Every structure is written in structure tokens, then in C-alpha cells.
Q: 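Got a structure for you, written out below as C-alpha cells; questions coming shortly.
Just so it is clear: chains get the letters A, B, ... in the order the sequence lines come, proteins before strands, and each one is counted from 1. Remember, it's a predicted structure, so these values are computed and weren't measured experimentally. As a basis for the values below, the full set of heavy atoms in this structure was taken, side chains included, without hydrogen atoms, waters or symmetry mates.
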Amino acid sequence: MNWLSPTLVEALIAMSKALVILLAAVLLGAVMTVVERRLLGLWQDRHGPNRVGPFGSLQLVADMIKIFFKEDWIPPFADRPLFVLAPAIAMASLLLSFMVIPITPGWGVADLHIGLLFFLAMAGINVYAVLFGGWSSGNKYALIGAMRASAQTLSYEVFMGLSLMGVVAMADSFNLREIVNAQTTVWFVIPQFFGFCTFLIAGIAVTHRHPFDQPEAEQELADGYHIEYSSMKFGMFFIGEYVGMVLISALIVTLFFGGWHGPLLPPIVWFMLKTAVFLVLFVLLRAALPRPRYDRVMSFGWKICLPLTLINLLVTGAVILIVG
Amino acid sequence: MSVASPSSDNASSGARTDPVVEALAQRFGDRALIEQATLTGMPVVWVAREHLVEALGFLRDMPEPFEMLYDLSATDERLRSHRQGLPEADFTVFYQLLSVSRNRDIMLKVALAESDLELPSIVSLYPNANWYEREVWDMFGVAFRGHPHLTRILMPPTWNGHPLRKEHSARATEFDPYTLTVAGQDREQEALKFDPEAWGMQRENDQSEFMFLNLGPNHPSAHGAFRIVLQLDGEEIIDCVPDIGYHHRGAEKMGERQSWHSYIPYTDRVDYTGGVMNNLPYVLAVEKLAGIEVPDRVKTIRVMMAELFRISSHLLFLGTYLQDLGAMSPVFYAFTDRQKAYEVVEAITGFRMHPAWFRIGGVAQDLPQGWERLMQGFVDWMPKRLKEYERAMMENAIVRERTRHVAAFTTREALTWGVTGPNLRATGCDYDLRKQRPYSGYDNFDFEVPLGANGDAFDRGQLRIEEMRQSLRIIQQCIDHMPPGDYKADHPLTTPPPRERMLQHIETLITHFLQVSWGPVLKPNESQQMVEATKGINSYYLTSDGNTMSYRTRIRTPSFPHLQQIPVLMRGGFVPDLIAHLGSIDFVMADVDR
């Protein structure tokens, strides 16, 4: 058994941990689809899906069976390679981002020095999924959706990165593990409140969640960029959106709410609890708000959020220079 | 005219009492006009074809003008037997004008011979004549000279014949069985393909190439089978063409094959959110023809049920309006409230959506025991909910921003396009038939008519919440002061006659049997009744030829002109504005297409 060297064991353990995190992320995304429906039901004075299994717990299984066995139809007028590629990008780019998130002191896939930049890059790639999907579908609604998505993401990614720079400056690192450790005394949400606000808004916009779901706006574009998708390709867009939700929630927790830090309970529980709060917030926003007009969303991004992040960054920099 | 007109206050030709007809006679000479005595409650004047445009222009431009072309349609006169004293005609085209300042109507009729079915178009006088003239062309084959786009509007473009002509079959069983081959399907689809050139639209200009987007017939915000083709530059709407007719059932044609009584359930389905509100104009018009005066209890019950359905319809409006603005939850709350309304409706009528509960001369049953408690429960439940809708949604910044000054129009524009009901009142025009021309005892109720100021999508929403409050007030008064008495009029034409009396002796049994099997026979005449329905002014214009069924049933619905106005409002707007406007109109396609 000498081939079982300590490095190999370490590698195997790391691999299985990575696998567990990957599966957990996908599964959590999938479970969120049902949790969201139940929560919406609760807030809208109705039951939500409660028929499959006890309290509707097997609804997810039923949905999965259904979506796997649907006809996987590619419209004859679609651009095939891009049409197939788009949902893969949607899912993969977000899942890859999970790599950099430190879940507990012992859990996490990669400990990149440029962890935050990696996430921003992946979020940048994610918009290609919408663009490709919308363009290759050969459908006018999808095209308008893709057009909206590109404009919106362009505007919101500008200040999404900037809104995090305050955190980076304070932690003196792009490494997420170090950012978490820098929050042992005080969570960054307090000194970086405006950074938190703008990142939350940008996060919702990047995941195309309500009220920033302009690219798919059901009432206007009848589902927008993924209108022509069916079966598991649609499923990947669909689950991808929820994986994005989980990702943004986990990031907010990591960057602004001290990650796994918390008294009494074990780190993993703290991390999960905090993440769950933001997941519920995402759902609550969808239940509560109407959808603003698309051009207002753009001007809100450029005229309010961007200046706010810049001022925040300047003030943070000034404070660090004076105090430090 | 030999037709008896017992309650008509219009004089027959010779001694003209109506100042408008007098003015017309002075202008065109006494011999150019023939006045017809009817039970419609307005002067009905036949004019010659060559005088038509001039006469309409005269009425439109006179002091206290007739601002609105309220209705325009035709009648196939060829099989009508009782038309003594009327000009020779194979087809009659009628124009009904409404004056808000006079609170009066006038109807002009033009006689046409079958060999020469042509009229000058009046689109330049009244822009909303556009769709009406297309409908007349579609249904009767009357051509309008100078019309900008005279094509079919309700029937498919491939249809053969003109359905409201008497020779056109009325029932599916009179046709060969329907089949659709692949080639036929391709032909139908090709016919529906949008051709921008046919509508005078350009495919591109100097800067950009336009996108033509087919919104509907199946689209989440089209509220039914409604199609609107958008000419887009980016997301800006350059122009748009609404396309209707996907929900056409031929309700007017059915009126010619159903007895006066058995047609009532069809009326429910015209504005399918309005329930018994739809029965009201029809039943009132039939009662005018029959000369029935209903007891006070009947009037009050009708008002109460109609107002209950107004609330139910407005709730549906509110839910879907906010949903179109992207708010997901309100529609569920609104449906919870509608369920409460339907529980009351169900207890009283036995049905929910389409009770068909009004009868000629009364209502189907008396109110059940304990109805007050149920109704009071609903009336007590609603106000706090309405408050909640206002606080959660109408005061929401996003809702305001989406709807304020969106698709706004003035009173003048509204009248030009035939807009009525809450959409007209949102412009600040105080015109509610319940106040202006009280029917069914509305003059005995104490309520206010809410008005808007800007005529935009926000006012149209806010106003309906206020209307629900006023309807609750009316219902409360019904609960407090429900008069005692019969639920059916004591009249030989009351259909069906009260069952209790039917079992007493042979005469009433025979009457009952005849009225249920044949249906009542009404004297030849014409009548019309307008009501302030859920979505605007709804009226039935009935022509009786002394038969058990109507000779011609004309249903004027509010949604039809409301949709026609869309392109004028939306040019230069954005797609989300169009969605907000569609949500704020409050239309159902069954009401548009009939």
C-alpha cells in the first residue's frame, strides 16, 4: 500500500470534498426551486406544491423526472452549436464560481489568491449564456431578451466589481478566506454598508432575479432569452438561475457577514443559516415588488449605483490612508 | 309607420319635437329625412346616402355636438316583414352618435339596395369608424369608399361569405363537416402572415431596420386571444396594428336563432368577467319591447347583483393589471376576494361565473333566506382589502413610475375614439350612465362617481379601486332597503311565468308551456338599452319582427373601441408601456369579438 502516499490521500480527500460541494450547490439550487414555490405560496395565501410526498417534499423528484423525459427539441431555425452551448455555460460558469467560496475553515475547493477576481470573471462569462441562448434561438422575443441582458449586465458589472473593492481594500486581499478572517471582530457590512447595498443590487441583476428579470420578463417577453428551450436545456437555465441565487447569497455572507464566524454553533451551521436568510430575501423580493421599466433599471445603475460605489471606494481609501 | 310605439316619446315624421332632428330637417329639407318611431329612446332618422357624410359632419360640428360615434353597424332587411313606412332597403347601415353635453343620442340610418352596396367612409369624421366599417364589410359585405384598409376584421381572411347576411348559415350543422388539410393549414397561416406594406409601413428607414414583432394571439399579457403586431426600433414602438377576431363566436348571429328567453345565457359570455351585468342591458331592452314594468324588488336585486359583479370584475382587473406590471402577488389576493364574492353569487344564483340569472320581467328566483348575512359578510370584508391594495401597490414607487403619464389621453381624444366607462372617467369626464341616464332604479341610490385627472394608466387603476368602494356602498343600501314584493313582474310576457301560478289552472299552464317551448312573441319594433357595464357602456340594440326571436341583435361592447385606440397611444412608447397600457384598459377578448 505504499502507492497510497500522503499527498495522494490529501488529493483524494480534496477531490471528494470538491465533489460534495459541487453536488450540494446543484442540489441546493434544485431544492430552492421548490422552496421558492412553497414560500411564495405562504406569502400569497395559497398552498403551493403540497401533493407529492409528505408536505410536497418529493415535488423536486417529480419535477426532475418530468424535465428529463421531456422532448429535447431544438428549433430548425436555431443555430445549433451555440444553442447547445448556451445552457452549459449558464450552469458551468456559476458552478465554477463556487470553487472560491470558503465554506468553513476546513471546507472549500480552491484557495485562490485572486478568488474574488475569479468570481467576477465567471459572472462576466455567465452573460454569454444569455447572449448565445437569445441570439441562437432565432426568436425575436429571445433576441430582445438577450439585448436587454447584455445591456443590463454591462451596466451592473461595472459597479459590481467596484462595490467589492472597499472590502478588498479593508481586508488587504482578494483571497476570500482572508477576507472572512478579516471579519472576526466586525463584519464588513458595517463599515462597507453602501458596498453591501450595491453588491446586493448588482447580484440580483446578474442572476436576472426579479425585479431585475428584464431579460426574461414574462409579461413582456414571454420568458425572453430561453423561450425556445425545452427539457434539460431549459432545466439548466432554470437551475442555473437558482444556483446563481445560492452563489450570490453565499458571497454576500462571505464578503459582508463574516462567513462561517459566529458564536456557539459550528461554522457550517452559521454559514448555512446566513446564506438561507439571503435566499429567502431573494424570494421575498420577487413576491413583493413590481418590475421597473427596463430603461429605468439602466439609469438606476448608471446614475445612482455607480456614483455610490465610487464615493464609497474613495471614502474607504481615504479612511484607510488616514487611519493606517 | 304602422308599428305601435306605446311608450315612445318621439313624434312620427311631420311634427318634429326633437330639436336636433328639427335642425337636421332645416339643413337638409324636410323631405330628405324620414323619422322612424322606435322604443330606443332616441330619434331614429333615415337619410339618403348622398346626405350621409354631410349630416354626420353637421351633427359632429353643431353647438353641443355629438362627439362620439357610439356605434355603427348594419341590418339585413331582406327577410323583414314588418317594415311599413320605412324606405325601401335590402340592407340598412345605422350610425349611432352620442353627445355627452346633451346627454342624448341620435341614430342615422341609410337604406342600401343589394345591387349597390356601397357607402362613403366616415373615417375622416370619426376615426373610430375604421373598425366598425371593417366589421360591416366583414359581416354584410357593404363596401366603404375611401376607407384606408377595408379588410375582414372578425372573420379569418380566408372566409367565404358575410355571416350576418340572412342567407349565411347560422349553425355548424348547416355546413359540411369541418376538415383541415396540411395545404389548408398552410394557406390559413400564410393568410395571417403580417405584411407591413399592406399597412403602409416601411421595413427600414435611414438609420435602422425595423423589427416586426408578433405579440399574440397567445401572449401572457394579451388577456386572451389578441394579437398586436409591433413595428419596433429597438424597444421603441414606431407603429402597431391590433388584430382581433380570434375570439369571435358570432354572438349576434346566435341572437337570430335563439328565442328571446334562451338567448340570455349567451349574453353572460360576452364580457365573461361581468356575469349578470351582461344580462341587464339585454333583459331591459327586451322588457322595453314587451312593455314590462318590473317591481322594485326586481330592480334592486338586479342592481345589487350587477354591482357585485362589477366588484368581481374590477378585482380581476386589479390583479392582472398589477401582474402585467410585474407584481406577482396581488393577483392571488384579488382572487381570494373574488372567491368571497363568488360564494355569495353561488348562494343566490346557483352559479358562479355565468349565472344567466336575470329573466325577462324579473330574476330567476327570489333571494334565498339568509342572503343578507352573506352579502354583509362580503361588504364588511372588502374595505380593508382595498386599503391594503392601495397601500401595497398603488402607493408603490415602481407602480407609479410604470403607470404615471403612460398612455395618457384627454377627454376629447377619449370621446373621439369611443372610449367609455372608467377609462373615460379617468380623463376627468363625469359621464356615468348610472347617474346620467339612471336605469333599473339607480336614481334611488346614494353613490359618487369617481373621476381621474390625467387619463393615464395609473388613474385607470386607481379609479377602479374607488369604484369598488362606491359599488360596496350601493350593495350596502340594497341590503338595508331591499323592497318587499315579487321577484317577477305580473305580465303575460314575463318569461318563464312564476312557477307557483303555473300549477293553479290550465291557462297559466298553457302560457308557461308556450313560453318555455316556443318562447314569448314580441311585437315588431326596435329597442335599445345602454348600461354602465364593468368596462364601459354596453348596449343591446334589438329589432323584433314579431317573432319568438330577435330579427337582429346588435351588441355594442366597450372593449372594441378601446382596443382600436391602442396604436394612437402607443406610437413612440416602449414595449413595457404597451404592456402597462394593455393591463390598464381592462378588456376581455370575448367582449371585443362577440
Q: For B/R187, is the CZ atom crowded, meaning more than 12 foreign heavy atoms sit under 6.0 Å from it?
A: no
Q: Rounded to the nearest 0.5 Å, how far apart are CG of B/L213 and CD1 of A/I144?
A: 5.0 Å
Q: I'd like to check A/Y141 versus B/L215 (side-chain heavy atoms, cut-off strictly below 4.5 Å). Are they in contact?
A: yes
Q: Are more than 12 heavy atoms from other residues, nucleotides or ligands located less than 6.0 Å from atom CZ of A/R80?
A: no
Q: Less than 4.5 Å to any heavy atom of chain A: does that hold for the side chain of B/N396, its backbone, both, or neither?
A: side chain
Q: What closest approach, in Å, do A/Q44 and B/S329 show between heavy atoms, and which atom pair accounts for it?
A: NE2-OG, 2.8 Å
Q: Is it true that, when you exclude A/K303 itself, more than 12 heavy atoms of the residues, nucleotides or ligands shown sit nearer than 6.0 Å to its NZ?
A: no
Q: Are more than 12 heavy atoms, taken from residues, nucleotides or ligands other than B/F194, located less than 6.0 Å from that residue's CZ atom?
A: yes
Q: Return the minimal non-hydrogen interatomic distance between B/P576 and A/R148, and the atom names on each side.
A: CG-NH2, 3.6 Å
Q: Is the side chain of A/H210 donor-acceptor paired with the backbone N or O of B/A327 at a distance under 3.5 Å, no angle test?
A: no
Q: Could you pull out all residues at least two apart from B/E401 that satisfy salt bridge (charged side-chain N to carboxylate O under 4.0 Å, His left out)?
A: A/R296
Q: If you tally heavy-atom pairs under 4.5 Å against chain A, which of B/L582, B/D577, B/V575 wins?
A: B/D577
Q: CD1 of B/I398 to CZ of A/R293: how many Å apart, nearest 0.5 Å?
A: 13.5 Å
Q: Could you check if a side-chain atom of B/F332 sits within less than 4.5 angstrom of a side-chain atom of A/L40, using non-hydrogen atoms only?
A: no
Q: Take atom CZ of A/F194 as the centre, draw a 6.0 Å sphere, and report whether it contains more than 12 heavy atoms from other residues, nucleotides or ligands.
A: no
Q: Taking the side chain as everything from C-beta on, heavy atoms only, tell me whether B/M211 gets closer than 4.5 Å to A/L143.
A: yes
Q: Provide the closest heavy-atom pair for A/W43 versus B/Y333 in the form atom of the first, atom of the second, distance.
A: O-OH, 2.5 Å
Q: Report, as yes or no, whether the 6.0 Å neighbourhood of atom CZ on A/F77 holds more than 12 heavy atoms from other residues, nucleotides or ligands.
A: yes
Q: Could you look at B/I579 and say if it's the side chain, the backbone, both or neither that has a heavy atom under 4.5 Å from chain A?
A: side chain
Q: With a 4.5 angstrom heavy-atom cut-off, which part of B/N218 approaches chain A: side chain, backbone, both or neither?
A: neither
Q: For A/R46, which atoms come within 4.5 Å of any heavy atom of chain B: side chain, backbone, both, or neither?
A: side chain
Q: Return the set of residues passing side-chain contact (heavy atoms from CB on, under 4.5 Å) with B/F335 (not counting sequence neighbours), or none when no residue passes.
A: B/L316, B/V331, B/R338
Q: Where is the tightest heavy-atom contact between A/A288 and B/M393, given as atom of each residue plus distance?
A: O-CE, 3.6 Å
Q: Crowded around B/E209 CD? As in, over 12 foreign heavy atoms under 6.0 Å?
A: no
